[in-house]
Q: 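First the structure, which I've put down as structure tokens, then a few questions once you've had a look.
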Amino acid sequence: MRTIDVQASSHDYSIHIGSGLRLALKSYISMDYSKILIMTDENVANIYLDDVLGQFSEKEILKVIIPAGESSKSIEIFYSTHTKAIEFGLDRSSLIIALGGGVVGDLAGFIASTYMRGIDYIQMPTTILAHDSSVGGKVAINHELGKNLIGSFYPPKLVLYDIDTLHTLPTREIRSGYAEIIKEAMLAKQSNLNEILSTTISDIPNEKLMQDLELGIKIKAAIVEEDEKERGTRKHLNLGHTLGHAIEAVLGYGKITHGEAVGIGLLFAVYVSEKYFSKKILFSQLLSWLKKNHYPLNIVNSLTPTALVDKMKTDKKNVHNKIHMVLLEAIGQPTVHSFEDNKILDYIQSFFD
Ligand code: ADP
Ligand code: ZN
């Protein structure tokens, strides 16, 4: 098992990564919570919910099982869960457990942050991508005008990451999570980037997966500890997301996973970096890794560059109407740059060629 300790301004917490941890949750809970609300989605519930519930035979537990997918991060499900929690008698000394991927984690975390002005919650991520959302305390739901627009900073009390649960993930979801691990490795000076780029991700042994997750989490934790509220260096975590978010938005959510879009976005960020700084950084290695792992690169043929630029302009991370992009001067040396729309359009057009 690996343990990473994270410091947040409100409290410190630990992230434990290991085999079979879902079956040991109870031994990690030190407080005597009055009641428990456990939130999960229908897919994860089918496979793992009983394993977790089995440990709490004597506690009163409210199960909230939401439909899988991004559309569950809605104000309606947020509100109806509050209603269920109030009726159930969840109080200030109760606990919320989030068992699932980023959708469950974001929604359950945001509910925990607002229920009676905030109660404790524990994250039990079941996707590789959720390693990212389980560090840094960002929790949110979506507004119909944009993703994650309603939210807060509210770190969990504990993250329990059972890597055995990752073996039932669909291949697309493995791909999705690994793009974010690659991103983290690109941001750090000392990292396992070359090693990851030499592997095929579909059949990664537990030990290697645990190592990659641990490193990704450590890199992200170091950044968010330095800049919890995203005033400076936390922006670097947006590497690959300028184009990635635009692709997701133009295609419509669900057509491509977040990480698949970020994978293409990372390649674009490296492409622009190599042009901008006139030197080779990583383009050809990253391209072959993405191809080898079947990232849907061909999808760019169905996208109109002007539509992507229009989406980029509405990104909440922009300032003064210019498009902000994180570039790499070298591996481990990210910098933020702003561009006029036309410049970005040129880059996208030549990147797609
Ligand atoms: P993320 O944002 O972390 O990618 P989501 O919450 O959107 O995660 O989950 C992605 C999809 O994978 C959902 O359909 C979810 O039900 C499913 N899923 C999550 N964890 C597992 C797992 N361990 N095994 C199988 N399917 C899973
Ligand atoms: Zn991301």
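Indexing begins at 1, ligand by ligand and atom by atom, following the structure's order. All residue numbers refer to positions in the sequence shown, counting from 1. Just so you know, these numbers come straight off a predicted model, no measurement behind them.
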Q: Touching ligand 1 at all, D41? Heavy atoms, strictly under 4.0 Å?
A: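 D41: in contact with ligand 1 (<4.0 Å).
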Q: Is the charged tip of K343 near the ring of Y347: under 6.0 Å from the six-membered ring centre and within 45° of its axis?
A: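 K343 over Y347 ring: yes.
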Q: Considering only non-hydrogen protein atoms, determine which one is nearest to atom 8 (O) of ligand 1 and report residue, atom name and distance to 0.1 Å.
A: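 Nearest neighbour among protein heavy atoms for atom 8 (O) of ligand 1, to 0.1 Å: G102 N, 3.2 Å.
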Q: Can K322 be said to sit on top of F339's aromatic six-ring, NZ or CZ under 6.0 Å from centre and within 45° of the ring axis?
A: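 Relative to the ring axis of F339, which defines the angle, K322 lies outside at least one limit.
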Q: Which atoms of ligand 1 sit under 4.0 Å from any heavy atom of V44?
A: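 Near V44, the atoms of ligand 1 are 18 (N), 19 (C), 20 (N), 21 (C).
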Q: Is the shortest distance from a Lys or Arg side-chain nitrogen in R22 or D162 to a carboxylate oxygen in the other one below 4.0 Å?
A: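 Salt bridge flag = yes for D162 with R22.
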Q: Pull out every atom of ligand 1 sitting under 4.0 Å from any heavy atom of N43, numbered as shown with elements.
A: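 Under 4.0 Å from N43, ligand 1 has these atoms: 14 (O), 15 (C), 16 (O).
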Q: Starting from atom 4 (O) of ligand 1, locate the nearest protein heavy atom and write down its residue, its atom name and how far away it is, to 0.1 Å.
A: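 For atom 4 (O) of ligand 1, the nearest protein heavy atom comes out as L129 CD2, 3.3 Å.
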Q: Look at E214 together with R2 and state whether they make a salt bridge at an N to O cut-off of under 4.0 Å.
A: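 Looking at E214 and R2, the cut-off is met.
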Q: So which heavy atom in the protein is nearest atom 26 (N) of ligand 1, and how far is it from that ligand atom?
A: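 So the nearest neighbour among protein heavy atoms is P170 CD, 3.9 Å.
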Q: Using the ring centroid of each side chain, check whether H258 and H241 are separated by less than 6.0 Å.
A: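 Yes, the ring centres sit under 6.0 Å apart.
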Q: Please state whether the rings of Y276 and H337 are parallel, tilted or perpendicular, taking 30° and 60° as the class boundaries.
A: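 Correct class here is perpendicular.
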Q: Will you find, in the side chains of H82 and T114, an N or O donor that is under 3.5 Å from an N or O acceptor?
A: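 Checked: H82/T114 side chains pair up, N/O donor to acceptor below 3.5 Å.
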Q: Identify the closest protein heavy atom to atom 9 (O) of ligand 1: which residue and atom is it, and at what distance?
A: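 Answer, as residue, atom name and distance: T127 CG2, 4.0 Å.
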Q: With rounding to the nearest 0.5 angstrom, report the CG to NZ distance, L193 to K183.
A: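 L193 CG to K183 NZ: 13.5 Å, rounded to 0.5 Å.
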Q: Tell me which protein heavy atom sits closest to atom 21 (C) of ligand 1, plus the residue, atom name and distance to 0.1 Å.
A: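 Answer for atom 21 (C) of ligand 1: L169 CD2, 3.5 Å.
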Q: Which atom name does E180 have for its N/O/S atom nearest to the Zn ion (ligand 2)?
A: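 Within E180, restricted to N, O or S, the Zn ion (ligand 2) is closest to atom OE1.
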Q: At less than 4.0 angstrom from any non-hydrogen atom of V103, what atoms of ligand 1 do you find?
A: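 The atoms of ligand 1 under 4.0 Å from a heavy atom of V103 are 2 (O), 5 (P), 6 (O), 7 (O).
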Q: Is the closest side-chain donor-acceptor distance between D91 and S94 under 3.5 Å?
A: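 Per modelled atom types, D91 and S94 side chains form a pair under 3.5 Å.
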Q: At what distance is the nearest protein heavy atom to atom 20 (N) of ligand 1, and which residue and atom is it?
A: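 That would be T126 OG1, 2.8 Å.
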Q: Over 60° means perpendicular and under 30° means parallel, so tell me whether Y154 and Y121 are parallel, tilted or perpendicular.
A: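 Parallel.
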Q: Run the numbers for me: atoms of ligand 1, each under 4.0 Å from some heavy atom of A130, listed by number.
A: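 What qualifies from ligand 1 is 3 (O).
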Q: Could you tell me the residue and atom name of the protein heavy atom closest to atom 23 (N) of ligand 1, and the distance to it rounded to 0.1 Å?
A: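 Ranked first by proximity to atom 23 (N) of ligand 1 is T165 O, 2.8 Å.
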Q: So which heavy atom in the protein is nearest atom 12 (O) of ligand 1, and how far is it from that ligand atom?
A: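 Atom 12 (O) of ligand 1 sits closest to the protein heavy atom E173 CG, 3.9 Å.
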Q: May I ask you to check if ligand 1 and T168 share an N or O to N or O distance below 3.5 Å?
A: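 Indeed, backbone or side chain, T168 has an N or O that close.
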Q: Taking only heavy atoms of G101, which atoms of ligand 1 are found under 4.0 Å from at least one of them?
A: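 Counting atoms of ligand 1 from 1, those under 4.0 Å from G101 are 3 (O), 6 (O), 8 (O).
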Q: Report, in ascending order of atom number, the atoms of ligand 1 lying under 4.0 Å from any heavy atom of Y48.
A: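 So the answer, numbered in order with elements, is 23 (N).
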Q: Mark up the atoms of ligand 1 that fall under 4.0 Å of a heavy atom belonging to A68, in ascending order.
A: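 Near A68, meaning under 4.0 Å from one of its heavy atoms, ligand 1 has 14 (O), 16 (O).
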Q: Counting C-beta onward and ignoring hydrogens, is there a side-chain heavy-atom pair between T257 and E173 closer than 4.5 Å?
A: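 Yes, close enough: below the 4.5 Å cut-off.
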